[in-house]
Amino acid sequence: MLQVPFIRDNKETVITGLAKRNFDAKDIVEEVIALDDSRRSLQTKLDNTLAESNVLSKEIGNLYKTGKAAEANQLKEKVSALKEDSKTLSDDLSAAADKLQSLLYQLPNVPHESVPAGKSEEDNEEIYSEGSIPELYDGAQPHWELAKKYDIIDFELGNKIAGAGFPVYKGKGARLQRALIAYFLDKNTDAGYTEYQLPHLVNEASCYGTGQLPDKEGQMYHDSRDNLYLIPTAEVPGTNVFRDVLLNESELPIGITGYTPCFRREAGSYGAHVRGLNRLHQFDKVEIIRVEHPDNSYKAFDGMIEHVKDILRELKLPFRILRLCGGDTGFPAAMTYDFELFSTAQDRWLEISSVSNFETYQANRLKLRFKNSDGKNELAHTLNGSSLALPRVLAGILENYQTEKGIEIPEALIPYTGFSIID
RNA sequence: GGAGAGUUGGCAGAGUGGUCGAAUGCGGCAGUCUUGAAAACUGUUGAGGGUCAUACCUCCAGGGGUUCGAAUCCCUUACUCUCCGCCA
């Protein structure tokens, strides 16, 4: 959530920044400022009314003590009248505050100055690529065929047990999943992230904290009996670790990592390009989350990019990095880089990681602050990224590492799988 | 699921109608001492709104009520703990 004083002081920056997302913020910004004005003037009136009745109440107390009940009763009437006024004022005030809040929820984060304008993924900029695309043998297959051929992922079985989008991993397929999770977690903890095991269900407040609510309700699985949501990403429980937290500056930076399954309803997103592992209702992901001093967050962002690069380099998977344009950058993010790996057998790029800097947008909702060197409480910056999402990495490995003899295992993973080929 | 107890500042924990935005301890910050640090001692230290700055207002889990006046009394919701039940 953007902060009102920031919007006030940077009206034009906000409007031109959001225009890069194709978001016309002009009316909302004007309305926010107008509402904030009226909120303030109501607040002042209310404060004055309350101040007066506070003074009178004290007098009443004193009058009673000195036995002047008649005078006290006179004052009581006055206070009652003030109370009527303050009731009206405070109703008006909370109406204005609620409206302001709901307007603020509608404003996405202002993109970083380096983010290009653009409407859709067409306008994303490729800024880096690495690794060579392997030449596959004749008869190379997409992963859903390989999965069947080697009997390592059973989509049909998942259909029976749960439904489409819930694959069953078997044998070496299951082991490879476990290996990837352990490998990613090890890479992350080696880089200084602290490993967390987080709840897979979260309450409503946590969903508001990271912005899944109020407007992405339909994308999450929800247990209405207990009002709990299945997490769509570890970002939700992981970032909410820091909800309502006041840190000392010396505690920054903080980095945590966690493996969780992720659950997404993905309503209405069926169609092309969703075969096999490409889009699922349940998938595994290892996430990294950072809390940073505002002065360091972009340096930390670069560090996260390098970290993910290292992993892909070690797995010897060909990848590229995209700088997302305004229109493709997620609502709460100021900047996002996507990692995509090239799947030779599908002849297309698959998104496997998304690294974002949210600046203070999430921290403002979370009330995540630190005491700065002036002793003032200041919002921290939050960042997160996948390192990595499993299904498409798995798809990439299966497709890019297939040979006529079987699927080779990337060297870095062999200590984790305990085997070097799936055949 | 049943019964009971609780929820107070960064943390722990007192406070049962006005003198309470709140004792005390820990932690944080500053200083004295020290070559430096630790220890000790001294001072300081809740959050939000508002103001040029004061003033002032709000906040003792959330919401509602009683009262001239509520952390304190009542209702309600959420959560936590203990015991019982169930259970991997």
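First the proteins, then the strands, lettered A, B, ... as listed; each starts at 1.
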- Item | Check against side-chain hydrogen bond (donor to acceptor under 3.5 Å, both in side chains), D338(A) and S354(A) | CA-CA 4 Å; D338(A) 271 6; S354(A) 197; 2.7 Å; yes
- Message: Counting neighbours of NZ on K11(A) that are heavy atoms of other residues, nucleotides or ligands and sit closer than 6.0 Å, is the number greater than 12?
- Response: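 Open.
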Suppose we define a pair by two distances each less than 3.5 Å, Watson-Crick or G-U wobble; what does [N] pair with here?
N: C83(B); value: G2(B)
N: U67(B); value: none
N: G17(B); value: none

Integer angstrom distance from the [atom1] of [N] to that of [M]:
N: G10(B); M: G2(B); atom1: P; value: 35 Å
N: G46(B); M: U66(B); atom1: C1'; value: 29 Å
N: G15(B); M: A53(B); atom1: C1'; value: 35 Å
N: C56(B); M: U80(B); atom1: C1'; value: 37 Å
N: C52(B); M: C41(B); atom1: C1'; value: 40 Å

Starting at [atom1] of [X] and ending at [atom2] of [N], how long is that distance when rounded to a whole Å?
X: N73(A); N: C68(B); atom1: CG; atom2: C1'; result: 9 Å
X: K45(A); N: C56(B); atom1: NZ; atom2: C1'; result: 17 Å
X: K58(A); N: U19(B); atom1: NZ; atom2: C1'; result: 9 Å
X: E52(A); N: U58(B); atom1: CD; atom2: P; result: 13 Å
X: E71(A); N: C68(B); atom1: CD; atom2: C1'; result: 14 Å
X: L56(A); N: C57(B); atom1: CG; atom2: C1'; result: 16 Å
X: F370(A); N: G28(B); atom1: CZ; atom2: P; result: 18 Å
X: D244(A); N: G9(B); atom1: CG; atom2: C1'; result: 14 Å

- Message: Categorize N203(A) for me: base, sugar-phosphate, or nothing, with a 4.0 angstrom heavy-atom threshold over every strand shown.
- Response: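 It contacts nothing in the nucleic acid.
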- Item | Y221(A) and F166(A) aromatic ring geometry - parallel, tilted or perpendicular at 30°/60° bounds |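 F166(A) and Y221(A): tilted rings.
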- Mutual orientation of the aromatic rings belonging to Y337(A) and F301(A) [parallel < 30°, tilted 30-60°, perpendicular > 60°]: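 Geometry flag for F301(A) against Y337(A): perpendicular rings.
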- Message: Could you check, using the six-membered ring where one of them is a Trp, whether H381(A) and Y298(A) have ring centers closer than 6.0 angstrom?
- Response: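 Aromatic pair excluded; centres sit 6.0 Å or further apart.
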- Query: Taking the six-membered ring for Trp, are the ring centroids of F370(A) and H293(A) within less than 6.0 Å of each other?
  - Reply: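 Yes, the ring of F370(A) comes within the 6.0 Å limit of the ring of H293(A), centre to centre.
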- Message: My understanding is that only residues two or more places apart in sequence, or in another chain, count here; which of them pass ring-ring contact (aromatic ring centres under 6.0 Å, His included) with H222(A)?
- Response: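 So H222(A) forms a ring-ring contact (aromatic ring centres under 6.0 Å, His included) with Y229(A).
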- Start at the 5' end of RNA chain B and walk down; is the nucleotide closest to V79(A) or to N54(A) reached first?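 So the residue in question is N54(A).
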- Message: Closest-nucleotide mapping onto RNA chain B: is L75(A) or L50(A) further toward the 5' terminus? I mean the 5' end.
- Response: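 Result of the comparison: L50(A).
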- Message: As an exercise, state the distance from CG of L398(A) to CD1 of I422(A), rounded to the nearest 0.5 Å.
- Response: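 Reported value, rounded in 0.5 Å steps: 6.0 Å.
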- Item | Nucleotide-resolved protein contact map, nucleotides 43-51 of chain B, B/S/- at heavy-atom distance under 4.0 Å | ----SSBSS
- Any side-chain heavy-atom pair from L35(A) and L103(A) closer than 4.5 angstrom?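 Counting from C-beta outward, L35(A) and L103(A) do come under 4.5 Å.
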- Residue N248(A), side-chain atoms from C-beta onward, closest of C68(B), U58(B), G28(B):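 Of the options given, the side chain of N248(A) lies nearest G28(B).
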- Query: Considering the options F155(A), W144(A), F283(A), which one meets the side chain to side chain contact (heavy atoms under 4.5 Å, CB included) requirement together with L277(A)?
  - Reply: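 When side chain to side chain contact (heavy atoms under 4.5 Å, CB included) is applied between L277(A) and each of F155(A), W144(A), F283(A), only F155(A) qualifies.
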Short N/O separations, protein against nucleotides 60-67 of chain B, under 3.5 angstrom:
none

